[in-house]
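Inspection log for the structure reproduced underneath, given as C-alpha cells.
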Amino acid sequence: MTDQNAPIGVFDSGVGGLTVVKEIMHQIPNERIVYFGDTARVPYGSKSKETITRYSRQIVRFLQTRKVKAIVAACNTASAYALDEIEKEVDLPMIGVVKPGVKAALSATRNGRIGVIGTEGTVRSGIYSQYIKEMEPGADITGKACPLFVPLVEEGLWQDPVTDEIAKRYLSELIGENIDTLVLGCTHYPLIRETLGRIMGQGVVLVNPAYETARELLELLEEKALLRCEESRLGDNKYEFFVSDSSEKFMRFANSIIKYGILSAKTINIEEY
Ligand code: DGL
C-alpha cells in the first residue's frame with residue numbers, strides 16, 4: 001500500500017518546474033516534495049518524442065527510488081510527448097501540466113480565441129489544440145513556438161532588453177489574432193510573465209497552468225486518500241532537490257524562484273536509471 005506520508009515527485013528539464021513546485025508548496029503546504037531538474041539535458045523542447053520519453057522514463061524510475069506517492073510532470077514538453085505512455089507503465093498516480101492549462105484557459109477566455117506559446121515540441125505536438133477542441137469545439141487556437149525563451153530564462157535574463165526584443169518578435173504574430181487568453185505553455189515562461197504581459201497588453205489574460213496543476217494534484221491526493229497526515233516538525237527536510245548537472249547555478253535559481261531557503265541540491269547521474 002502507498003504510504004500517504006511519502007513525498008510527491010516533480011520533474012522538469014531544468015528550473016521551469018520550480019514554478020509548479022512553488023504553487024504546490026503554496027496550495028498543499030504540508031506535503032513533502034522531491035524535485036528533479038534535468039539540467040544536464042535541457043532543453044527538451046527541440047528533442048524528439050523518443051528522446052523525451054526515454055529521459056522522462058529515467059526520471060520516473062529515479063523518483064520511484066525515492067519512494068514517491070505521486071508524480072507531477074512539471075514540463076509541458078514531457079506532458080505532451082511522454083506522459084500518456086509512461087503513466088501506463090507505473091503504478092503511481094501521475095499528472096502533467098497540459099490538461100490543467102487547458103481547463104484554466106477555457107475558464108479564462110470570453111471570446112474563445114486562445115493563444116498558446118510553448119517549446120517547439122509542445123506546439124508541434126498540437127496537444128493544447130487537441131484538448132481544447134475536445135472540450136470546446138468552437139474555440140480558435142493559435143500556437144506559437146518560442147524556442148529562445150528557455151535559454152533566456154535559464155541564463156537569468158528575466159528582465160532584460162534582449163528578452164523584450166525577442167518576445168516582441170515572437171508575440172507580434174499573436175497580437176493580430178484578437179486572442180483574449182494566452183497560455184504560458186512552458187513551465188519556464190511564468191518567470192518572464194511581466195515582459196509577456198506588457199507586450200500582450202491588458203486585454204489578454206495570461207494563463208499559468210501551475211495554479212490549476214496544484215489544485216488538481218490536491219484533488220487527486222484527496223480522492224486517493226494520499227494526503228500527508230503527519231505534522232511537519234521544525235527542522236524537517238520536507239523538500240529535496242536533485243539535478244543532473246552542477247547544483248550551484250540551480251540553487252541560485254531555486255532560491256530566487258521559490259524563496260524558501262534551499263540549502264542543497266544533489267547531483268545524480270540520471271543515465272544510470
Ligand atoms: N519547461 C519545459 C516545458 O514546460 C521545457 C523547456 C525545455 O526544456 O525546452 O516545456
Side-chain angles (χ1 to χ4, degrees), residues 12-20 22-23 37-47 52 74-80 97-98 101 104-105 108-109 111 113-129 140-211 245 248-259:
D12 179 44
S13 58
V15 298
L18 293 170
T19 58
V20 179
K22 184 177 173 178
E23 220 22 85
D38 202 355
T39 49
R41 304 188 294 193
V42 66
Y44 281 14
S46 50
K47 297 192 169 74
I52 295 161
C75 172
N76 287 265
T77 317
S79 302
V97 284
V98 173
T109 187
N111 69 2
R113 298 182 68 85
I114 301 168
V116 177
I117 52 172
T119 64
E120 279 172 315
T122 300
V123 172
R124 195 176 350 105
S125 77
I127 193 156
Y128 271 97
S129 307
D140 195 280
I141 303 109
T142 308
K144 173 75 189 158
C146 304
L148 290 172
F149 284 168
V150 168
L152 288 168
V153 166
E154 297 262 340
E155 281 308 311
L157 300 171
W158 300 355
Q159 280 178 328
D160 192 277
V162 176
T163 307
D164 257 50
E165 184 53 38
I166 290 168
K168 274 183 199 146
R169 285 206 205 179
Y170 282 147
L171 301 180
S172 62
E173 270 180 44
L174 294 170
I175 287 169
E177 294 291 328
N178 191 28
I179 60 166
D180 71 349
T181 303
L182 179 66
V183 182
L184 309 185
C186 170
T187 51
H188 282 69
Y189 299 177
L191 298 168
I192 51 168
R193 186 187 182 115
E194 211 183 292
T195 305
L196 303 176
R198 185 165 21 82
I199 295 169
M200 291 310 295
Q202 281 186 346
V204 178
V205 178
L206 300 190
V207 169
N208 174 4
Y211 177 84
D245 201 349
E248 267 167 51
K249 190 171 164 198
F250 175 84
M251 287 202 3
R252 269 202 309 280
F253 262 104
N255 282 312
S256 58
I257 296 170
I258 56 187
K259 304 197 168 58

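N178 and R113 make their closest contact through O-CD, 3.6 Å (heavy atoms, listed as atom of the first residue, atom of the second, distance). When all heavy atoms of A80 and V98 are compared, the pair lying nearest together is N-CG2, 4.5 Å. Summarising the geometry of I52 relative to Y44, their closest heavy-atom pair is CD1-O, 3.4 Å, with the distance given to 0.1 Å. Among all heavy-atom pairs drawn from I141 and S129, the shortest one is CG2-OG, 3.7 Å. In this structure, V123 and G118 approach most closely via the heavy-atom pair CG2-N, 3.8 Å. Smallest separation of non-hydrogen atoms from A108 and V207: CB-CG2, 4.1 Å.
Remark: T19 OG1 to D12 CG distance equals 7.5 Å, nearest 0.5 Å. Residue E177 holds its CD atom at 7.5 Å from CG of D140, rounded to the nearest 0.5 Å. Interatomic distance, I192 CD1 to I166 CD1, rounded to the nearest 0.5 Å: 9.5 Å. With rounding to the nearest 0.5 Å, the separation of CD1 in I179 from CG in L171 is 8.0 Å. Note that the CG atom of L18 and the OG atom of S256 stand 9.0 Å from one another [nearest 0.5 Å]. Here CG of N208 is found 7.0 Å from CD of E23. Values are rounded to the nearest 0.5 Å.
Not a single donor-acceptor pair under 3.5 Å links the side chain of T142 to the backbone N or O of L174. At distances below 3.5 Å, at least one donor-acceptor pair connects side-chain atoms of R193 with backbone N or O atoms of L206. Listed for the T39 side chain is a donor-acceptor partner under 3.5 Å among the backbone atoms of D245. A donor-acceptor pair is defined here as one N or O able to donate and one able to accept, closer than 3.5 Å; no such pair exists between the side chain of T181 and the backbone of I114.
Atom CZ of R198 has more than 12 neighbouring heavy atoms from other residues, nucleotides or ligands inside a 6.0 Å radius. Counting heavy-atom neighbours within 6.0 Å of K22 NZ, excluding the residue itself, gives a total of 12 or less.
Residues V150 and C186 form a side-chain contact, since some pair of their non-hydrogen atoms from C-beta on lies under 4.5 Å apart. Residues P209 and V183 have side chains in contact (heavy-atom distance under 4.5 Å, counting atoms from C-beta outward). Side-chain contact between I175 and V204 is absent, with no heavy-atom pair separated by less than 4.5 Å. D180 has its side chain out of reach of V205: every pair of non-hydrogen atoms, C-beta onward, lies at least 4.5 Å apart. Looking at I117 and L184, their side chains come closer than 4.5 Å, going by heavy atoms from C-beta outward. Side-chain atoms of V162 and L152, non-hydrogen and from C-beta on, do get closer than 4.5 Å to each other.
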N76 vs T119, test: side chain to side chain contact (heavy atoms under 4.5 Å, CB included). Steps then yes/no. CA-CA 8 Å; N76 287 265; T119 64; over 6 Å; no
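E120 has no carboxylate O lying under 4.0 Å from a charged side-chain N of K47, or vice versa, which leaves the two without a salt bridge.
With sequence neighbours excluded, the residues forming a side-chain hydrogen bond (donor to acceptor under 3.5 Å, both in side chains) with E173 are K144, listed by chain and number.
For residues 140-162, every residue pair satisfying the ring-ring contact (aromatic ring centres under 6.0 Å, His included) rule, not counting sequence neighbours, is listed here: F149-Y170, F149-Y189, W158-F253.
Between S13 and D38, the side chains place no donor N or O within less than 3.5 Å of an acceptor N or O (distance only, hydrogens not considered). Donor-acceptor pairing under 3.5 Å is lacking for the side chains of T195 and T163.
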